[in-house]
Undergrad: 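Before we start, here is the structure in question, set down as structure tokens.
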Amino acid sequence: MYIKLEAISKAYGGLWAVDRISMDIGRDEFISLLGPSGSGKTTLLRTIAGLERPTRGRVLIDGADVTALPPHRRGVAMVFQEFLLFPHRTVAENLCFPLQMMKMPRAEIAERLKWIAGLMALTGLEDRYPSQLSGGQQQRVALGRGLVGRPKALLLDEPLANLDRELRQEMEVEIRRHQRELGIPFIYVTHNQEEAMSMSDRIAVIRGGRVEDFAGRAAIYDRPRTAFIAQFIGRSNRFEGTVSPDGSAMDAGGGLRLALVPGARTASFAGSRAQAYIKTEKMSVQPNTVTCRIRDIILRGAYCDYLLDAGGREIFASRPRSEADLARGDRVTVSWPAEAVDIFEPDTPRELAA
């Protein structure tokens with residue numbers, strides 16, 4: 001592994017912001033640190049960068065222990081949420097600043113500038129100032145400034161948070177393309193699950209300073225390991241009830257019974273209280289029955305979210321607009337395959353203390 005985190009912990013006073021996180025990252029991987037605000041993901045990123053010193057644990061990059069090294073000796077670069085461009089310097093001067101700090105020869109600086117301007121689609125804009133650039137162009141300058149020194153890894157702390165949706169989606173594609181072309185690890189912090197799912201090879205879901213799971217994006221979405229991941233990734237309906245003695249179903253109350261796929265996991269909940277999650281897009285909505293009533297329809301482009309009233313219980317279902325011509329008040333039935341049900345122990349808040 002190119003970057004190795006060994007039981008990293010970081011305490012502020014009596015609170016552990018990061019608690020015993022271990023992680024191995026390959027040389028050409030795109031990794032996202034995904035979690036809600038305050039989960040510890042930015043603290044972990046800053047620890048890798050050398051901007052924070054871990055209370056415990058080690059950071060290794062390319063086989064070398066860099067835990068005690070300052071940021072400029074680690075060979076990594078960081079791109080922040082704010083562009084942090086020098087307003088009085090041109091694009092070229094902003095891009096070349098890290099190279100000047102490295103005291104690189106002028107001829108090599110000129111060569112690097114030509115390379116990074118071409119890579120970031122900034123050729124022809126070198127003499128402009130940041131105020132003369134669009135938001136996307138400013139983001140490319142910030143990204144280029146991080147890459148111009150050809151770092152061992154690039155760390156990105158929510159760099160797209162200030163961009164509008166369309167530009168953000170465009171930059172997601174560009175950032176992923178640059179990572180593949182350069183062949184270095186990108187470690188990307190975000191609370192936006194769409195960003196993480198669209199770009200990452202693997203995702204580390206962080207909650208309360210700990211890693212809930214670190215796996216490929218498909219596994220994170222389709223096979224959540226914890227109840228937190230099931231409700232945080234994608235959109236799901238949550239049910240709580242008692243699992244039957246044979247583990248084949250869960251009684252969710254109000255006459256609602258969820259069929260479960262038999263196996264070791266469901267058997268472990270036999271006769272016990274549990275909670276279940278079903279992704280909204282796995283709910284099948286059909287007209288002309290009396291199981292539920294459509295309370296509202298939310299248009300989301302090619303899809304619609306249906307808010308359903310099932311005997312006083314709210315259920316969401318997401319379906320393509322072309323599948324059914326439905327309206328508020330229509331009676332429909334809702335079904336889902338048993339394998340769509342993810343079942344967990346009842347969740348409890350996580351408390352962290354030193």
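Excluded from the calculations below are hydrogen atoms, water molecules and symmetry mates; all remaining heavy atoms, backbone and side chain alike, are included. For the single chain, residues carry numbers from 1 onward in sequence order.
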Undergrad: Does anything in residues 1-11 form a side chain to side chain donor-acceptor pair (under 3.5 Å)? List the pairs, not counting sequence neighbours.
TA: K4-D24, E6-R58
Undergrad: Tell me yes or no: between the side chains of Q231 and R238, is some donor less than 3.5 Å from an acceptor?
TA: no
Undergrad: Do D251 and T242 have side-chain atoms, one donor and one acceptor, less than 3.5 Å apart?
TA: no
Undergrad: Under the salt bridge (Lys or Arg N to Asp or Glu O under 4.0 Å) rule, what do D62 and R27 come out as? Steps first, then yes or no, please.
TA: CA-CA 9 Å; D62 198 14; R27 184 183 295 270; 3.7 Å; yes
Undergrad: Do E52 and Y12 make a side-chain contact, defined as non-hydrogen atoms from C-beta onward lying under 4.5 Å apart?
TA: yes
Undergrad: Evaluate salt bridge (Lys or Arg N to Asp or Glu O under 4.0 Å) for D305 paired with R235, printing each intermediate quantity in order.
TA: CA-CA 10 Å; D305 283 347; R235 188 170 187 178; 2.9 Å; yes
Undergrad: So I187 and L156, do their side chains get closer than 4.5 Å, heavy atoms only?
TA: no
Undergrad: For the atom pair NE2 (H178) and CG (L154), what is the distance rounded to the nearest 0.5 Å?
TA: 10.5 Å
Undergrad: Quick one: does E212's side chain get under 4.5 Å of I220's, heavy atoms only?
TA: no
Undergrad: Take D157 and T42 through the side chain to side chain donor-acceptor pair (under 3.5 Å) test and state the conclusion after the steps.
TA: CA-CA 7 Å; D157 188 7; T42 293; 3.2 Å; yes
Undergrad: Do F316 and Y306 have ring centres separated by under 6.0 Å?
TA: no
Undergrad: Side chains of Y188 and E158 only: does a donor on one sit below 3.5 Å from an acceptor on the other?
TA: no
Undergrad: Quick check: closest heavy atoms across P185 and Q179, and the distance to 0.1 Å?
TA: CA-NE2, 4.5 Å
Undergrad: Would you check if there is a donor-acceptor pair between the side chains of E281 and S318 at a distance under 3.5 Å?
TA: no
Undergrad: Do we get R202 above F214's six-membered ring, with its NZ or CZ under 6.0 Å from the centre and within 45° of the axis?
TA: yes
Undergrad: Within the 4.5 Å heavy-atom criterion, are I343 and T266 side-chain neighbours or not?
TA: yes
Undergrad: With heavy-atom distances below 4.5 Å as the criterion, would you say the side chains of L133 and L122 are in contact?
TA: no
Undergrad: With a 4.5 Å heavy-atom cut-off, do P98 and V148 have their side chains touching?
TA: yes
Undergrad: Are a donor atom and an acceptor atom from the side chains of T67 and D65 found within less than 3.5 Å of each other?
TA: yes
Undergrad: Which of these, R177, R176, R140, sits in a salt bridge (Lys or Arg N to Asp or Glu O under 4.0 Å) with E170?
TA: R140
Undergrad: Any sub-3.5 Å donor-acceptor pair from R56's side-chain atoms to A11's backbone N or O?
TA: no
Undergrad: Cation-pi check for W16 against R210: NZ or CZ below 6.0 Å from the six-membered ring centre and within 45 degrees of the axis, yes or no?
TA: no
